[in-house]
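Here the structure comes first, spelled out in structure tokens, and everything after it is commentary.
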Amino acid sequence: MDKHNLTVLNEFVLLGITDCPELQVPLFGLFLIIYMISVVSNLGMIILTQIDSSLQTPMYFFLRHLAITDLGYSTAMGPKMLVNFVADENTISYYFCATQLVFFIMFITSEIFILSVMSYDRYVAICNPLLYTVIMSQITCWVLVAIPYLYSTFLSLLVTIKIFNSSFCGYNVIRHFYCDGLSLLFMLCSNTHEIKLIILVLSAFDLISSLLIVLVSYVLIIVAVLKMKSAEGRHKAFSTCGSHLTLVVVFYGTLIFMYVQPKSSHSFDTDKMASIFYTLIIPMLNPLIYSLRNKDVKYALHRTLGQLCNIFSQSSL
């Protein structure tokens with residue numbers, strides 16, 4: 001491959017979700033609704049946990065940052081995907097592709113560890129209730145979210161710089177609906193061994209370490225709950241973990257299905273379906289699960305909506 005073909009690449013072509021013309025409009029409508037629900041519900045969760053006085057606890061502090069990460073990586077993917085449904089050419093510029101990859105890796109990695117931090121928070125709340133406010137102080141909470149943000153920023157920049165500093169061949173078609181790092185690796189002409197090793201090691205570290213924190217936290221929670229003599233106490237303890245446990249099962253289940261499946265059953269179509277689920281469906285489900293299963297959030301939402309109605313009714317008089 002001559003030098004010219006390695007240097008002229010300034011845009012990529014995204015194959016998208018489907019190449020069937022008759023499905024473009026229905027899928028555009030479906031994913032537009034999903035994305036709008038995700039944006040409204042996550043923004044609502046961020047605002048509600050910020051302004052409502054009854055939600056100023058560590059659990060809702062972490063929930064607010066979970067909503068931020070959900071909104072972040074769904075917005076990194078969603079708008080461009082929607083545009084490609086109605087655009088004549090499904091292209092993305094070289095630099096926008098790199099930007100999309102940076103933000104996607106940053107927010108998805110942050111979410112993995114914030115879910116782990118939330119499980120640790122539930123462990124402290126149930127196993128050390130008298131020391132909960134001391135252990136989970138405001139400074140501790142900020143440190144526990146700052147570390148994932150800083151680490152994920154470093155990781156995203158490292159992987160993206162490694163990929164985009166490599167030599168691309170003349171072929172510029174990405175077999176996905178966004179700039180997926182693994183898809184980009186197949187388009188490199190230079191040696192990808194180092195990049196693949198970095199991605200493999202860091203992905204394994206992220207998944208195993210975060211999942212280990214979750215598993216250890218919930219094992220200790222289950223042991224502590226089973227020692228409780230009161231049935232009401234056991235029910236209350238499990239109910240405080242129900243929403244988070246649901247999020248963990250859905251999120252980690254999707255990641256494990258996508259990255260741990262054997263090569264023989266691995267396909268780009270399967271990757272696309274799994275990617276749709278964790279980039280669009282999960283960000284929509286997370287705030288809905290917490291709002292539907294959590295009484296504090298429901299009461300706070302009703303109270304805030306009531307206050308807004310009173311404000312608008314008084315201003316109209």
Side-chain angles (χ1 to χ4, degrees), residues 42 45 49 57-70 72-74 104-129 131-132 135-136 140-152 155 200-228 234-261 274 277-279 281-294 297:
N42 279 295
M45 187 65 73
T49 54
T57 64
M59 183 175 80
Y60 297 110
F61 172 82
F62 297 128
L63 180 59
R64 178 162 65 249
H65 285 276
L66 181 69
I68 291 171
T69 58
D70 281 334
Y73 70 79
S74 62
F104 175 72
I105 295 175
M106 181 180 71
F107 283 116
I108 201 77
T109 306
S110 296
E111 173 142 336
I112 289 174
F113 287 103
I114 287 175
L115 283 171
S116 302
V117 169
M118 292 174 74
S119 65
Y120 173 72
D121 170 70
R122 291 300 81 207
Y123 156 72
V124 176
I126 292 172
C127 298
N128 296 283
L131 297 175
Y132 179 65
I135 298 173
M136 302 302 294
T140 302
C141 291
W142 274 110
V143 169
L144 289 175
V145 296
I147 291 174
Y149 283 142
L150 291 173
Y151 168 73
S152 62
L155 174 62
L200 177 64
V201 171
L202 292 177
S203 298
F205 168 77
D206 295 344
L207 187 61
I208 294 172
S209 61
S210 59
L211 190 56
L212 192 61
I213 294 170
V214 172
L215 291 175
V216 171
S217 297
Y218 273 102
V219 167
L220 295 175
I221 287 172
I222 292 171
V223 171
V225 170
L226 292 178
K227 290 181 179 178
M228 294 179 181
R234 287 195 296 269
H235 175 74
K236 185 177 180 180
F238 278 127
S239 65
T240 61
C241 300
S243 298
H244 177 258
L245 193 56
T246 303
L247 304 187
V248 166
V249 170
V250 172
F251 186 80
Y252 280 96
T254 305
L255 288 183
I256 291 172
F257 168 79
M258 184 169 180
Y259 291 109
V260 185
Q261 59 180 311
F277 194 78
Y278 77 74
T279 59
I281 307 299
I282 288 179
M284 177 189 70
L285 290 178
N286 284 354
L288 295 179
I289 290 171
Y290 257 95
S291 61
L292 293 175
R293 293 180 59 90
N294 191 291
V297 173

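Here the structure is a predicted model, which means the values were calculated and not measured. Residue numbers run from 1 in the order of the sequence given.
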Heavy-atom pair of closest approach, residues [X] and [Y]:
X      : Y      : answer
Ile112 : Asp206 : CG2-O, 3.9 Å
Pro129 : Cys127 : CD-C, 3.4 Å
Tyr132 : Met59  : OH-N, 3.8 Å
Ser119 : Val214 : OG-CA, 3.6 Å

Quick one: does [X]'s side chain get under 4.5 Å of [Y]'s, heavy atoms only?
X      : Y      : value
Leu66  : Leu63  : yes
Ile126 : Tyr123 : no
Leu215 : Tyr252 : no
Glu111 : Asn286 : yes
His244 : Tyr218 : yes
Phe62  : Leu144 : yes

Tyr149 backbone acceptor or donor facing Ser152 side chain under 3.5 Å: yes

Thr140 side chain vs Met136 backbone, donor-acceptor pair below 3.5 Å: no

Parallel, tilted or perpendicular, as decided by the 30° and 60° cut-offs, for the rings of Phe205 and Phe113: tilted

From [atom1] ([X]) to [atom2] ([Y]), nearest 0.5 Å:
X      : Y      : atom1 : atom2 : value
Asp70  : Ile108 : CG    : CD1   : 8.0 Å
Asp121 : Tyr60  : CG    : OH    : 10.5 Å
Ser74  : Phe104 : OG    : CZ    : 10.5 Å
Leu247 : Ile289 : CG    : CD1   : 5.0 Å
Met118 : Phe61  : CE    : CZ    : 11.5 Å
Leu207 : Leu212 : CG    : CG    : 11.0 Å

Leu131 atom CG: more than 12 heavy-atom contacts under 6.0 Å: yes

Check against side-chain hydrogen bond (donor to acceptor under 3.5 Å, both in side chains), Tyr73 and Ser110: CA-CA 10 Å; Tyr73 70 79; Ser110 296; over 6 Å; no

Steps toward side chain to side chain contact (heavy atoms under 4.5 Å, CB included) verdict (Ile135, Tyr120): CA-CA 11 Å; Ile135 298 173; Tyr120 173 72; 3.8 Å; yes

